[in-house]
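Heads up, the thing below is written out as structure tokens.
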Amino acid sequence: MLTLFGVGVGSGIAIGRAVVSGPGGGEVAEFTVDAGAVEGEVRRFNAAVARARDSLARLQKEIPRDAPPEVAGFLEAHLLMLNDPVLCDGPPQIIRRRRANAEHALRIHASRLADTFDAMQDDYLRGKKNDIRQVVERVHGELQKGGAGGGLRHTDRGSIVVADDLSPADTVLLKSKPVAAFATNLGGPISHTAILARGLGIPAVVGLRGAARYIQNGDLLVVDGKRGLLIVAPDEKTVEEYRARRARIAERRKSLAALRGAESVTADGAAVALLANIELPEEIAAAREGGAAGVGLYRTEFLFMNRAAPPGEEEQFRAYAAVVRDIARPVTIRTLDLGADKQVDGGRVLFGEGGATVTNPALGRRAVRLCLSEPALFKPQLRAILRASAHGTVEMMIPMMSGTGELEQILALVREARAELQREGIAFDPAMRIGGMIEVPAAAVTADLFARKLDFLSIGTNDLIQYTLAIDRVDDEVNYLYDPLHPSVLRLIRNTITAGRAAGIPVTMCGEMAGDPDHTRLLLGLGLRAFSMEPSALPEIKRIVRQTSIKALTQAVDQIMAEPEPEKIREQVAALAAPGENAGLH
Ligand code: PEP
Ligand code: MG
């Protein structure tokens with residue numbers, strides 16, 4: 001058993017078998033080798049064992065200083081097995097006797113060994129079966145090097161995907177596969193990988209910083225999203241404990257589901273809009289199940305991924321209109337936020353064939369910057385959104401603006417698109433509201449200027465935190481600096497809410513902070529009345545809203561905003577969030 005530490009995502013627990021994405025994943029081919037090729041197959045097997053030994057020896061030398069102490073013992077035990085004839089002599093015999101290919105021979109032998117271990121009385125020895133399997137997978141991985149890996153294609157129901165990193169495009173593929181959890185070496189708490197895990201309502205551990213290399217295909221894993229733990233080859237007792245915790249979480253979710261139809265209003269009568277973030281039209285069901293009052297953020301860029309060419313106006317129109325009709329509630333469609341970590345088709349759509357490498361994509365031609373420079377990409381989307389507005393209540397939202405000049409250019413393009421549709425006799429809602437995301441510090445500081453020209457503002461805390469604190473949201477080396485409670489972030493949030501109020505327009509928050517129960521009361525106290533989040537977070541946030549009296553929060557929130565010490569801010573926000581500990585709040 002080995003416990004690895006990363007950044008936990010989602011509060012759930014998953015227990016399942018690892019599917020390692022990349023080389024080493026995949027199914028076992030079974031075939032008979034030609035009589036003359038048998039010895040070559042044996043040599044191939046022995047070479048794979050030798051490479052597995054080398055790679056373990058290398059790992060042993062490279063154990064990071066901050067690695068858990070068990071790592072050394074774990075690797076040592078596996079190296080010993082790779083030198084043990086019990087493991088290594090069997091497969092060559094099977095290859096010779098049955099003319100089986102090396103992978104198949106290894107499987108046959110491993111399954112015999114597993115049976116032998118199963119029959120053992122001694123618990124400790126029985127537990128060694130897991131180690132054998134891991135070593136077998138390592139050899140198998142070596143045999144398959146250069147062959148078809150791609151674990152993502154072979155995921156079974158309930159499996160746990162282990163990868164170096166998952167791109168937002170990979171995550172779209174995962175949405176159609178019922179995986180139980182995932183674990184990645186890279187990524188921070190607001191990387192799009194983490195956001196996807198929350199969206200799927202599954203736990204994940206990201207930012208394992210290389211630790212995922214200790215995991216082999218088929219390993220039993222426990223993922224603890226709350227504590228950020230990944231347990232490899234857990235013993236029976238640990239599995240039992242986690243099963244019990246998983247059952248308690250399921251119970252709690254069931255009791256929260258009863259709140260679905262309840263009104264979202266505070267104990268002192270303030271209405272609070274609870275909305276859903278979606279990435280694909282299929283997620284409307286989850287939004288409805290969570291009791292969402294509408295969609296506060298539809299991330300349209302996911303429609304552009306895993307395909308060779310961008311969708312045209314007609315395809316986009318059909319997708320947007322289907323969402324609008326399906327939920328029959330207001331839908332905020334965000335215009336394309338491609339770029340940075342959200343690339344499509346190897347960047348071809350964005351940069352053209354053989355386009356230049358971008359030094360710092362997070363600060364580069366992303367979102368509106370890209371759309372304004374590629375009208376052929378942007379115009380069809382504007383027309384498609386306008387056309388969808390004839391089928392229900394649609395709002396259009398513009399991401400990542402840093403100055404009102406960009407907004408003016410976009411508004412001019414929208415006017416153009418409207419005029420075209422009118423000329424063509426195509427229906428659209430002429431009163432469709434247009435809002436902007438406040439997610440670049442420059443926009444948050446000048447939120448009053450944006451508020452004058454827009455119908456609503458929406459605070460994107462994921463990017464606002466990234467850009468304010470100068471930490472790339474996908475860089476696990478700096479994610480320790482991620483802090484939604486940093487005074488600079490809190491002031492920018494307050495400034496945006498105040499600007500919206502002064503202009504008489506609504507302010508929503510659609511970053512991850514909006515779905516974090518630890519921050520709900522703070523945000524209510526700051527004046528936020530609309531929260532958009534992953535659908536699975538909605539019931540818990542509604543429970544908090546209904547138990548909160550805003551009047552009782554004001555003083556505590558004023559105190560937090562005046563507090564200079566980060567630690568004290570954290571303590572005070574925790575006290576505000578902890579139910580039952582602040583008698584005046586309920
Ligand atoms: C944000 O930045 O907070 C946001 C909601 O947008 P995304 O996570 O898609 O960048
Ligand atoms: Mg953003």
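For ligands, and for the atoms within them, numbers begin at 1 and follow the listed sequence.
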Pull out every atom of ligand 1 sitting under 4.0 Å from any heavy atom of [X], numbered as shown with elements.
X      : result
Leu297 : 5 (C)
Arg366 : 10 (O)
Arg473 : 2 (O), 7 (P), 8 (O), 10 (O)
Arg299 : 4 (C), 5 (C), 6 (O), 7 (P), 8 (O), 9 (O)
Asp463 : 1 (C), 2 (O), 3 (O), 10 (O)
Ile195 : 8 (O)

Are [X] and [Y] side-chain neighbours, meaning at least one heavy-atom pair lies under 4.5 Å?
X      : Y      : value
Ile459 : Ile497 : yes
Glu512 : Glu534 : yes
Leu492 : Val489 : no

>> To make sure I understand the geometry: which N, O or S atom in Asp463 is closest to the Mg ion (ligand 2)?
In response: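 Going by distance to the Mg ion (ligand 2), the closest N, O or S atom in Asp463 is OD2.
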> Glu439: which N/O/S atom is nearest the Mg ion (ligand 2)?
Replying inline: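 The Glu439 atom nearest to the Mg ion (ligand 2), restricting to N, O or S, is OE1.
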> Given Met396, which of Thr332, Thr335, Ile333, Val331 fulfils the side-chain contact (heavy atoms from CB on, under 4.5 Å) condition?
Replying inline: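 The single option meeting the side-chain contact (heavy atoms from CB on, under 4.5 Å) with Met396 is Thr335.
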Proximity of [X] to ligand 1 by residue part, where a heavy atom lies under 4.0 Å:
X      : answer
Asp337 : side chain
Asn277 : neither
Met437 : side chain
Met509 : neither

Rounded distance (nearest 0.5 Å) linking atom [atom1] of [X] with atom [atom2] of [Y]:
X      : Y      : atom1 : atom2 : result
Leu526 : Asn495 : CG    : CG    : 11.5 Å
Asn277 : Cys510 : CG    : SG    : 6.0 Å
Ile493 : Met513 : CD1   : CE    : 4.0 Å

> Minimum heavy-atom separation for Met401 to Ala443, with atom names?
Replying inline: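 Minimum heavy-atom separation between Met401 and Ala443: O-CB, 3.4 Å.
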>> Tell me the protein heavy atom at minimum distance from atom 5 (C) of ligand 1, and give that distance in Å.
In response: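 Looking at atom 5 (C) of ligand 1, the protein heavy atom closest to it is Cys510 O, 3.3 Å.
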> Would you say Arg334 contacts ligand 1, with heavy atoms under 4.0 Å as the rule?
Replying inline: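 The answer is yes, since Arg334 has a heavy atom less than 4.0 Å from ligand 1.
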>> Just to check, does Met400 reach to within less than 4.0 Å of ligand 1 when the distance is taken from its heavy atoms?
In response: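 For ligand 1, residue contact (heavy atoms, under 4.0 Å) with Met400 is absent.
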> Does the ring centre of His391 sit less than 6.0 Å away from the ring centre of Phe317?
Replying inline: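 Yes, they do, as the ring centres are separated by less than 6.0 Å.
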>> Run the side chain to side chain donor-acceptor pair (under 3.5 Å) test against Arg366 and tell me which residues pass, sequence neighbours left out.
In response: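 Expected list: Asp337, Asp463, Tyr467.
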